[in-house]
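Numbering of ligands and ligand atoms starts at 1, following listing order.
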Amino acid sequence: MHHTSPGVERAVAGARVWADRLGSEPVRLAHFVLALLEEDEGRPAVLLEHIGLSVPQIRERLERTESPVAPDTSVLFNAARAWSITFRHDPEFLTDAFLISVLNAHPAFRAEVTTAGFGPERLERILTKTAPEVQEPDVQLAVFEVPSSTAEMDAGRVLDASFNRAREAARVLEDYCRFVLDDRFLTQQVKELRHGLASASQKLPQRTLLAARETLRDVGTTATAGSEYERASPAHVAFVNLKRLQESLRSLEEFGKVFGPELGRDLEALRYRTYTLERAISLGAVSRERLAAANLYVLLTRSQCVSALDWTIREAARGGANVFQLREKTLSDRELIECARNVRQWTRETGTLFIINDRPDIAKLCEADGVHLGQDDLCVKDARRIVGPDALIGVSTHSIEQLRQAVLDGADYIGIGPTFPSRTKTFDHFPGLEFVRAASAESSLPAFALGGISSTNIAEVVAVGAKRIAVSSAISTADEPEQAARLLKAALPD
Ligand SMILES: Cc1ncc(COP(=O)(O)OP(=O)(O)O)c(N)n1
Ligand SMILES: Cc1ncsc1CCOP(=O)(O)O
Ligand SMILES: [Mg+2]
């Protein structure tokens, strides 16, 4: 009876698959190595990469190699077990011991892989550190420390486990951003974080990590909490994995200090990035839900409405407008708060959202649903302190950089524009339809295209990817705001 790791078992099954794939009746030694290298983050692939070899090139070479037929698996297992007892004092062998037994299984194959740079003696020297590598000085390895103490081995074991956990959690998050949120920017952010993890890991003592890895004996692999299998939704999966990522980074940061202060600093910076990402992902999930149906957003200035404000709101809401912004630039504060309280009342009655332009204080006082901020207004962080965590905060953006910053700042939605010349406000610069196109492809945060949009040009805006619009004059100067809203609404995608 052999105690192998799941990785070895997968490699045995995988070797048969490789033999079939390459049209060989018997399973050959190269097929075992190909199967062992299939797991990018498995011990054999990591080991070869750490001695500076290219795993894809090795795979390519092995696929072309007519290697000797492999002996019975039990022969390979016996050799791996003997190796593991000798060097690890452990009969439970892992994939690296199995790799060595495969490489040693036939003299011709041993010669072939030695020429290719991964002869069993070389790998054995690296894994066991029994002798310095004299013939093939390895620049890559020189940067990695040799485990120098029990303290480093112990810390190495934590680092190895935490690093794997962090990488796995980041991968889950990346999948969430990519496939669930369909969000290019957040996906890129998580990917960069994953790469940051990989470069931080290069500063870790790789040999210590490999030598310290003891999955089979890790008590944690069998100790599962009941809640580990409960996930209510993809958003819950993302939340759990954000926490997992932060916890792993904290553990990496603390135990990384055993190897010096620099690593701790890198990991701390990565941990802070996860907090920013958490805010963007979590707030985005809530605002996406709150604004799911909101696609026709109307900015109103009392003096610019051809009819009374309350009538305009009620009519436009009947026509399908679902967000109203009070945009007053000239009223005194007392006039503004009075008007805002009235609009709050009317928007409540019509079941629509109410946003105050520029003024978080007024938004808070009149119990608006949120506030809208331009690039020169208060920043999201300061406004959030006034309006609180539940209020919606919108941010005007005129470039992709501003959009990305707004997402990371924790905006709940963004305004994108100006698209066309406007009767409401004058502009020197028009990012135009190209920006609407780029913004719509970049982020899944609710985005309202605005600036000069009317029933005559809305099709152009929708054609470049806009799903939501914000308008002012198209409604406030309409004789029939309901009909005007209906026309716009009909042109928007469902
Ligand atoms: C939904 C929406 N988007 C953009 C703006 C413009 O805000 P800002 O750039 O601050 O300009 P002002 O409206 O304050 O003149 C907006 N108000 N609403
Ligand atoms: C405030 C503002 N910011 C960018 S466009 C705009 C006004 C939108 O009004 P209109 O729809 O009448 O052009
Ligand atoms: Mg403003």
Side-chain angles (χ1 to χ4, degrees), residues 287 290-291 294-306 312 316 321-331 336 340 343 352-363 368-380 382-383 386-387 391-399 402-403 405-406 409 411-433 435-436 439-440 443 445-458 460-461 466-478 481 484-485 487-489 491-492:
S287 53
R290 282 180 76 185
L291 292 167
N295 59 356
L296 181 53
Y297 183 136
V298 180
L299 287 71
L300 292 174
T301 305
R302 193 167 52 188
S303 60
Q304 287 173 8
C305 288
V306 294
T312 307
N322 24 35
V323 188
F324 289 94
Q325 178 189 119
L326 184 61
R327 178 174 179 272
E328 295 290 354
K329 294 284 182 181
T330 54
L331 297 186
L336 179 58
V343 175
T352 51
L353 289 168
F354 175 38
I355 306 289
I356 290 278
N357 191 37
D358 294 342
R359 298 285 299 268
D361 54 342
I362 302 286
D369 294 297
V371 63
H372 187 89
L373 306 169
Q375 293 291 321
D376 296 327
D377 299 322
L378 280 186
C379 66
V380 175
D382 288 336
I386 299 171
V387 294
L392 293 166
I393 298 187
V395 173
S396 309
T397 65
H398 318 294
S399 67
Q402 289 176 355
L403 177 155
Q405 192 57 52
D409 287 345
D412 293 291
Y413 74 86
I414 45 175
I416 48 177
T419 314
F420 305 115
S422 162
R423 280 190 277 158
T424 308
K425 187 172 172 177
T426 51
F427 301 97
D428 299 331
H429 174 64
F430 291 89
L433 287 168
F435 176 47
V436 176
S440 307
S443 171
L445 202 66
F448 296 86
L450 84 165
I453 298 176
S454 67
S455 57
T456 55
N457 60 21
I458 187 170
E460 293 173 58
V461 185
K467 296 192 181 70
R468 307 161 197 260
I469 56 158
V471 293
S472 185
S473 51
I475 297 290
S476 62
T477 63
L487 262 180
L488 293 170
K489 196 82 176 173
L492 289 168

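For D377, the N, O or S atom with the smallest separation from the Mg ion (ligand 3) is OD2. Looking only at N/O/S atoms, D358 comes nearest to the Mg ion (ligand 3) through OD1.
The nearest heavy-atom contact from the protein to atom 8 (P) of ligand 1 is S396 OG, 3.5 Å. Summary of contacts: the protein heavy atom closest to atom 17 (N) of ligand 1 is Q325 OE1, 3.1 Å. Nearest protein heavy-atom neighbour of atom 13 (O) of ligand 1: R327 NE, 2.7 Å. Of the protein's heavy atoms, R327 NE, 3.4 Å lies nearest to atom 1 (C) of ligand 2. If you check which protein heavy atom lies closest to atom 14 (O) of ligand 1, you get K329 NZ, 2.7 Å.
Per-residue contacts place L450 under 4.0 angstrom from the following atoms of ligand 1 (heavy atoms of the residue considered): 2 (C), 3 (N), 4 (C). For ligand 2, the atoms lying closer than 4.0 Å to a non-hydrogen atom of G452 are 10 (P), 11 (O), 13 (O). Residue G374 has at least one heavy-atom neighbour below 4.0 Å for each of these atoms of ligand 1: 8 (P), 9 (O), 10 (O). Close contacts between ligand 2 and L450 involve ligand atoms 2 (C), 3 (N), 4 (C), 5 (S), 6 (C) [criterion: under 4.0 Å to a heavy atom]. Distances below 4.0 Å separate heavy atoms of G451 from the following atoms of ligand 2: 5 (S), 13 (O). Of all atoms in ligand 2, numbered sequentially from 1 with element shown, those under 4.0 Å from a heavy atom of V471 are 11 (O). For ligand 2, the atoms closer than 4.0 angstrom to any heavy atom of S422 are 7 (C), 9 (O), 10 (P), 12 (O), 13 (O). For ligand 1, the atoms closer than 4.0 angstrom to any heavy atom of L299 are 16 (C), 17 (N), 18 (N).
Annotation for A340 and I362: closest pair CB-CG2, 4.0 Å, computed over non-hydrogen atoms. Across all their heavy atoms, I458 and S455 have their closest contact at CG2-O, 3.8 Å. Summarising the geometry of A485 relative to A316, their closest heavy-atom pair is CB-O, 3.6 Å, with the distance given to 0.1 Å. Across every non-hydrogen atom of V371 and P360, the tightest pair is CG2-N, 3.6 Å. Considering every non-hydrogen atom in both L373 and A383, the closest pair reads CD1-CB, 3.7 Å. Residue T419 comes nearest to I453 through the heavy atom pair OG1-CD1, 4.2 Å, listed as atom of the first residue, atom of the second, then distance.
Not a single donor-acceptor pair under 3.5 Å links the side chain of D369 to the backbone N or O of I355. Not one N or O on the side chain of N357 forms a donor-acceptor pair closer than 3.5 Å with the backbone of Q325. Looking only at distances, a side-chain donor or acceptor of T301 sits under 3.5 Å from a matching main-chain atom of R327.
The Mg ion (ligand 3) has no N, O or S atom of D376 under 2.8 Å away, backbone or side chain.
For the pair Q375/H398, a side-chain contact is recorded, criterion being any heavy-atom separation below 4.5 Å from C-beta on. Under the 4.5 Å side-chain criterion, counting only non-hydrogen atoms from C-beta, K329 is not in contact with K425. The closest side-chain heavy-atom distance from T312 to L300 is below 4.5 Å. Residues V471 and L450 have side chains not in contact (no heavy-atom distance under 4.5 Å, counting atoms from C-beta outward).
Proximity of I355 to ligand 1, defined as any heavy-atom pair under 4.0 Å, is not found for any part of the residue. Residue contacts with ligand 2, taken as heavy atom pairs separated by less than 4.0 Å, involve F427 solely via side-chain atoms from C-beta onward. Residue contacts with ligand 1 for D358 involve side-chain atoms from C-beta outward but no N, CA, C or O (heavy atoms, distance under 4.0 Å).
The N/O atoms of D377, backbone and side chain alike, include one that comes under 3.5 Å of an N/O atom in ligand 1. Looking at ligand 2, you'll find an N or O of T424 within less than 3.5 Å of one of its N or O atoms. Taking only nitrogen or oxygen atoms, main chain and side chain alike, K425 reaches within less than 3.5 Å of ligand 1. Not a single N or O atom of K425, backbone or side chain, sits closer than 3.5 Å to an N or O atom of ligand 2. Of the polar atoms of S472, at least one N or O is found under 3.5 Å from an N or O of ligand 2, judged by distance alone.
No heavy atom of F448 sits closer than 4.0 Å to any atom of ligand 1.
No hydrogens or angles considered: nothing links the side chains of K467 and N295 as a donor-acceptor pair under 3.5 Å.
Classified by interplanar angle (parallel below 30°, tilted 30° to 60°, perpendicular above 60°), the ring pair Y413/H372 is tilted.
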